[in-house]
Each structure stands twice: as structure tokens, then as C-alpha cells.
Amino acid sequence: MRRADLLAADPRWARSALVTLLVTTAVAYSYRLSAGGWANEYYAAAVQAGSVSWKAFFYGASDAPGSITVDKPPLALWVMGLSARAFGLSAWSLLLPQVAMGVATVGVLFAAVRLRAGAGAGLLAGAVVATTPVAVLMFRFDNPDALLTLLLALGGYATLRAVERANPHLLALAGALVGLGFLTKLGQALLVVPAFALTYLLCAPARLPRRLLHLLYALVAMVGSAGWWIAVVAAVPAADRPWIGSSTANSVLQVAFGYNGVGRLSGREGVLSNPSGIEHYGPLRLFEPWIASQGTWLLPCALVLLLTGLLLRGRAPRTDPHRAAYLMWGTWLVVGAAVLSLMNGIFHSYYTLVLVPPIAALVATGARDAWRGRDRLGARLALATCVVGTTLLTAVVLARTPGWLPWLRYAVLPVGLAGAAMLLTLRGPRTDQPVRGHRGRVAACLGLVAVLAGPTAYGVATLEPPHTGPTPAAGPHPTGVFGRPPASVSGSAPVSVTAPAPPPPVVVRALTRGAGRYTWAAATVGSVDAAGLQLAGGVPVMPVGGYYGTDPSPTLARFKADVAAHRIHFFTDGRRPASSRTSSADLIRAWVHATFPARAIGGRTFYDLTGG
């Protein structure tokens with residue numbers, strides 16, 4: 001359907017409702033935006049480095065001189081770095097682009113769902129995205145997940161439009177967006193490839209050879225948009241660029257397909273063996289309350305409505321665009337959920353953000369189609385099942401935070417059960433005729449309230465407290481609930497790599513005094529400690545060994561050469577490398593301890609490498 005036809009088919013209230021949704025999302029996401037300071041200091045330090053050095057900007061280096069990169073490609077850092085260069089480095093300039101990405105994602109989901117299900121369903125999908133707790137968290141945080149989600153949502157929209165008329169250029173655009181997602185967060189972007197490819201292959205209105213040719217065209221676009229930066233990095237001599245963080249061979253491909261690829265699935269990341277500490281994984285992982293509370297509240301509902309929608313479109317022709325939408329969103333959800341459930345490597349609950357777009361689309365589209373087919377018992381049963389299942393999951397999740405809004409879980413249960421009972425017994429007009437009488441409206445309202453009350457409340461609660469560190473979690477934060485569940489809970493949360501306390505002013509003064517005479521004001525083991533010192537002092541700090549302190553960068557010989565050339569002022573121990581093997585950082589620490597006298601500054605030990 002052409003854009004003009006879509007606009008003409010929208011009810012009068014649709015445009016104002018969309019504007020209200022987008023403005024409300026922007027205002028809510030901007031509330032107390034800077035309360036968490038730099039949020040994830042690991043990425044914030046790379047943005048700070050890129051704001052003063054174009055070399056660090058291009059490679060995504062942790063420090064301005066470019067000793068080592070972060071563990072992801074730099075596309076998300078480029079967006080934040082340009083904001084910092086335009087408006088100055090601050091928490092606001094760092095996080096405001098994330099808010100814009102969140103608002104844009106809500107708009108894209110509205111547009112994508114409206115294509116097949118109308119403006120009402122599009123607004124519901126956008127609202128689900130906006131209020132899901134993990135979305136509220138990550139669209140106000142400086143991890144690359146915000147940009148990745150926006151790019152994949154745009155790719156989904158482009159795929160649906162491509163399927164309409166077998167448009168190879170739109171399909172290539174979808175491939176290019178996935179490639180840019182690869183330059184944002186590597187292999188996680190590839191979770192949508194089966195969904196996009198299968199939908200076009202099965203549903204596009206063209207002969208099979210032409211569909212295959214179009215898919216090849218999209219593959220070339222994806223490889224080109226992802227591979228150009230990798231090719232440039234590979235072509236530059238290693239001595240002229242930063243070490244590739246989280247690799248043992250100074251290779252982007254090793255990070256992409258090892259540490260951030262197969263290693264995440266197998267638990268053998270190459271640097272560490274399952275450093276996240278997660279032992280419990282399997283098909284029920286996403287239904288565990290501490291994960292469900294983040295991004296998968298509506299996962300059972302989405303799966304039920306996916307099956308219902310496919311059954312309702314069962315006799316449609318191969319090229320039916322409505323079934324194509326179910327196929328795309330459903331394959332995205334099933335593949336993504338399977339990978340996140342079964343991966344045995346590093347896992348964080350905020351990874352579930354990648355499932356929010358298909359969940360929102362399926363809930364909105366499926367609810368609309370089931371409602372229109374409510375004259376059938378199967379459709380009514382599907383709606384009632386969704387409400388009951390989500391209500392029960394909500395009650396279990398809310399029980400994890402018994403001191404926070406204790407009345408909510410007691411209110412959700414009767415509302416949900418009443419709504420489900422009314423939906424099950426409701427008999428209404430066929431297809432898209434309007435609801436007549438109050439019974440249908442009451443049933444629909446009760447069902448929506450029961451389904452959305454829990455995630456919306458958790459989403460609102462996410463706006464108030466500050467969120468910092470590498471393992472943030474959404475929702476209220478009572479002791480022993482989020483980030484690290486109680487020991488009695490099946491499985492365990494990720495081992496948090498916490499940032500140290502902000503350095504006191506005396507440490508900042510020591511780092512900044514005469515810092516212009518050195519390439520690095522200090523060196524310390526681990527990127528987390530280095531990032532805190534660098535952001536506090538605004539001076540370059542070398543992260544010895546990269547994120548975990550296990551990368552072979554720099555070597556002891558290289559470090560000695562830098563010290564001899566008076567390029568590094570101080571050394572401080574930082575974190576102990578998270579490995580039983582002797583690392584380059586261990587050798588450097590031992591040499592510094594044996595060669596230079598220790599000096600206490602601000603409660604921590606420093607070594608003056610210049611002999612001063």
C-alpha cells in the first residue's frame with residue numbers, strides 16, 4: 001500500500017495520538033537523564049577519547065593516544081562522539097542521542113505495524129516498546145544496544161516494504177542496515193537475518209530465481225556495509241593503529257567470530273571461560289523473573305498471538321503480506337529467543353532488548369486480528385490465554401519486589417482473570433465492524449490493563465534511580481533482586497565488573513599536574529579502572545590488558561619502551577586480571593613493583609614511572 005493510501009486510511013485521531021506518544025516518550029526518557037553520570041564508563045571513556053582525537057574516534061579506542069580499542073566496533077561511539085564534539089562532553093551530550101534513538105524506534109515500530117494492522121495496532125506496538133523496562137533503561141544508557149535496536153527495527157520495516165512488490169533495492173537497504181548493526185554490536189545483529197531472508201524468499205511476489213538474486217544483492221549490501229571498516233582496520237599496519245580490544249591476535253575478525261561470536265554461545269570466549277558466572281541456561285531462561293522483568297513480560301502473549309495469526313491466515317496465498325509480517329516478526333522472535341536462551345557464554349539481561357520490537361509487533365498485530373475474529377472460539381481463547389498467562393507471569397515477577405507497590409500484584413490478578421473471562425464469553429460482530437455495547441469495551445480495557453500494568457510500572461520505576469556500570473538492570477532495585485538475584489534463585493546473575501569509587505580530588509590533581517608532558521597521565525590494569533581515572537581527570541589513561549586485564553597489550557617490552565621515553569607518568573594496579581594464566585599485565589605489574597617506589601595518593605598506591 002502506498003504511503004498516501006496509508007495516511008488516508010488512518011482515523012482522524014491517529015496522527016495526534018502518534019505525536020502524543022512520541023513526545024511523551026521523549027519527555028519520559030529525558031527525565032533525570034544525567035542522574036547516572038557517565039552510565040557505562042567503559043564506553044563513555046571511548047567517547048571522551050574520540051572527542052579529542054580523530055584517530056581514537058575512528059577506531060573506537062579507549063584512550064586518545066589509541067593504545068587499545070573497546071570490545072565492539074565504533075558505530076555507536078561515533079554517534080555519541082559527534083554529539084560530544086558538537087555540544088561538549090557531558091552526560092547529557094552522551095545520552096541524548098540514545099533518547100533520540102528510543103523515540104525513533106517507537107516511531108519505526110508504529111510505521112511497520114501500521115503497514116499491515118492499521119494505526120491503532122501501530123500505536124499499541126509503539127507504546128509496548130516505549131514502556132518495556134529494558135527499553136526505558138537502554139535508551140537512556142550509553143551501551144551500543146540502543147543503536148542496534150533502531151537499525152534492526154528499520155531493517156524490519158524495509159523488509160516488509162520490499163516484500164510488497166519484490167523490491168530489491170529496499171531489500172538491499174535492509175541488508176545494509178543489518179551490516180551497520182554488525183558495526184554496532186557484531187554478531188547480535190545477525191539474529192534477524194533468517195527472519196528477513198526467509199520472509200522475502202517465501203512471500204515476495206516474484207519468481208524463485210529472481211527472489212534468490214535479490215537475496216544475493218542484499219547479502220552483498222550487508223557485507224559491504226559491515227566489511228568496509230573491518231577491511232580498513234585489517235589493511236592498516238598493527239603498529240599504526242590501536243590493539244583490537246578483547247582479542248589475543250589483534251584481529252577484528254577474532255573478536256567478531258570468537259569472543260563476541262561463537263564464544264558467547266559456547267562459553268569459551270577466548271579470553272575467559274564463561275566469566276559471566278551464569279550456569280543456568282535453557283529454554284526457560286527468558287521466563288525467569290529476573291530476566292522476564294526486563295524485556296520478556298509479553299513473550300508468552302507474543303508466541304500465542306503469533307500462532308493464532310498464522311492460523312487465521314492459513315488459507316491465504318503465498319504472497320499474502322499479512323502472513324509475511326507474522327513470518328518476519330515471528331522468525332525474528334523465535335530465533336532471537338532461542339539464541340538468548342541457550343547461549344552458555346556471557347549473558348546480560350539487557351540483551352533482551354533485541355526481542356522487544358518483534359514482541360511489540362506480534363502483540364499488537366495478533367491482538368488486532370484475534371479481536372476482529374472474536375466470533376470464533378479459537379480467537380477468543382487465544383486472547384483469554386494471553387491475558388491469563390501474562391497476568392500470572394506479572395504476579396510472579398512482582399512477587400520478586402514485595403516491598404514495592406505491593407498492591408499491584410493483588411490488583412492485577414483479579415483484573416486479568418475478569419478480563420479473560422469476559423473475553424472468552426464475548427460474542428461480537430465479525431471482522432472490522434465497531435464494538436457495540438459496553439461489554440466488549442470493558443473486556444478489552446481489562447485485558448490491556450492486566451497485560452500492560454506490570455511492565456509499564458517497572459518502566460516508570462526505571463526512570464528514577466541512577467543506572468551505572470556495565471551490568472545495568474531496569475525496574476525497582478530492592479536488595480538482592482536485580483542485577484544479582486538471591487542465591488536461592490535457580491541460576492545466577494552475571495558477575496558484575498563494578499567500577500571503583502570516583503577518584504578523590506587529590507588523585508585528579510596528581511593526574512592532571514603536568515599531564516601535557518606525557519602521552520598518558522597514568523596506566524592501570526583493566527579498562528574499567530582506567531575509564532574512571534580518565535573521565536575524572538580528562539587526561540589519557542592507558543588500560544593495560546584491556547577490559548579484563550587479559551589482552552596481551554601492551555607487551556612488557558613495549559611498556560618498558562614507553563616508560564623509558566617518558567610517555568607514561570604514573571602506574572596504579574587497578575583490577576587483577578580475571579585469569580589464572582600469567583598475562584602481560586601481570587608481568588608489567590611485577591616489573592613496576594620491583595623497579596619503582598610506591599607512593600600513596602588519595603588512598604591508593606601509585607608508582608611514578610618518571611622517577612620524580
Side-chain angles (χ1 to χ4, degrees), residues 6 9-25 28 102-133 135-136 153 156-157 160 295-306 308-309 312 322 325-326 328-330 332-333 355-374 379 382-387 389-391 394 415-416 419-420 423 432 434-435 440-460:
L6 282 171
D10 287 345
R12 293 181 179 179
W13 47 262
R15 184 172 298 184
S16 58
L18 174 62
V19 172
T20 301
L21 174 62
L22 296 179
V23 171
T24 302
T25 302
V103 176
T105 302
V106 172
V108 170
L109 259 292
F110 166 82
V113 171
R114 184 185 63 165
L115 284 174
R116 303 290 169 257
L123 288 168
L124 177 58
V128 170
V129 172
T131 57
T132 299
V136 178
Y157 176 78
L160 291 178
T296 56
W297 293 76
L298 304 182
L299 177 58
C301 184
L303 293 174
V304 170
L305 291 175
L306 167 62
T308 303
L312 290 174
H322 297 277
Y326 277 113
M328 190 197 75
W329 298 118
W332 179 346
L333 178 60
L355 303 181
V356 172
I359 287 175
L362 289 170
V363 166
T365 304
R368 176 258 198 188
D369 288 347
W371 179 257
R372 288 190 170 190
R374 64 190 180 278
L383 290 172
T385 301
C386 286
V387 173
T390 305
T391 299
T394 297
V415 170
L423 287 169
D432 57 351
V435 178
R441 296 189 182 96
V442 171
C445 289
L446 289 177
L448 284 173
V449 168
V451 168
L452 299 180
T456 301
Y458 260 51
V460 172

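Remember, predicted model here, so these are calculated numbers, not experimental data.
Shown here for Leu109 and Ala153, the closest heavy-atom pair between the two residues is CD2-CB, 3.8 Å. Scanning both residues, Ala325 and Arg116, for their nearest heavy atoms gives CB-CG, 3.8 Å. Closest heavy-atom contact between Trp329 and Ala112: CZ2-CB, 3.8 Å. Considering every non-hydrogen atom in both Ala370 and Thr308, the closest pair reads CB-CG2, 4.4 Å. Smallest separation of non-hydrogen atoms from Ala364 and Val113: CB-CG1, 4.3 Å. Nearest heavy-atom pair across Trp332 and Pro357 is CH2-CB, 3.9 Å.
Put simply, the side chain of Leu452 does not reach to within 4.5 Å of the side chain of Trp297, judged on heavy atoms. With a 4.5 Å cut-off on side-chain heavy atoms, Pro455 and Pro133 count as touching. Side-chain contact between Leu383 and Val387 is absent, with no heavy-atom pair separated by less than 4.5 Å.
Cation-pi contact between Arg368 and Trp371: absent, since separation from the ring centre below 6.0 Å together with deviation from the ring axis within 45° is not met.
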List the steps and the verdict of side-chain contact (heavy atoms from CB on, under 4.5 Å) for Asp10 and Arg15.
CA-CA 8 Å; Asp10 287 345; Arg15 184 172 298 184; over 6 Å; no
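For Ala17, the side-chain contact (heavy atoms from CB on, under 4.5 Å) criterion is met by Trp13, Leu123, not counting sequence neighbours. Qualifying side-chain contact (heavy atoms from CB on, under 4.5 Å) partners for Val449, counting only residues two or more places apart in sequence or in other chains: Val415. Listed by chain and residue number, Leu305 satisfy the side-chain contact (heavy atoms from CB on, under 4.5 Å) test with Ala367 (two or more places apart in sequence, or in another chain). Contacts of Val363 classified as side-chain contact (heavy atoms from CB on, under 4.5 Å), with partners at least two apart in sequence or in another chain: Leu298, Cys301, Ala302, Ile359.
Of the residues Val128, Val129, Val136, the one that meets the side-chain contact (heavy atoms from CB on, under 4.5 Å) test with Thr132 is Val128.
A distance of 10.0 Å separates NE2 of His322 from CG of Leu115, quoted to the nearest 0.5 Å. Between atom OG1 of residue Thr365 and atom CZ of residue Arg114 there is a gap of 13.0 Å, rounded to the nearest 0.5 Å. Going from atom CG of Leu423 over to atom CG of Leu446 covers 8.0 Å, rounded to the nearest 0.5 Å.
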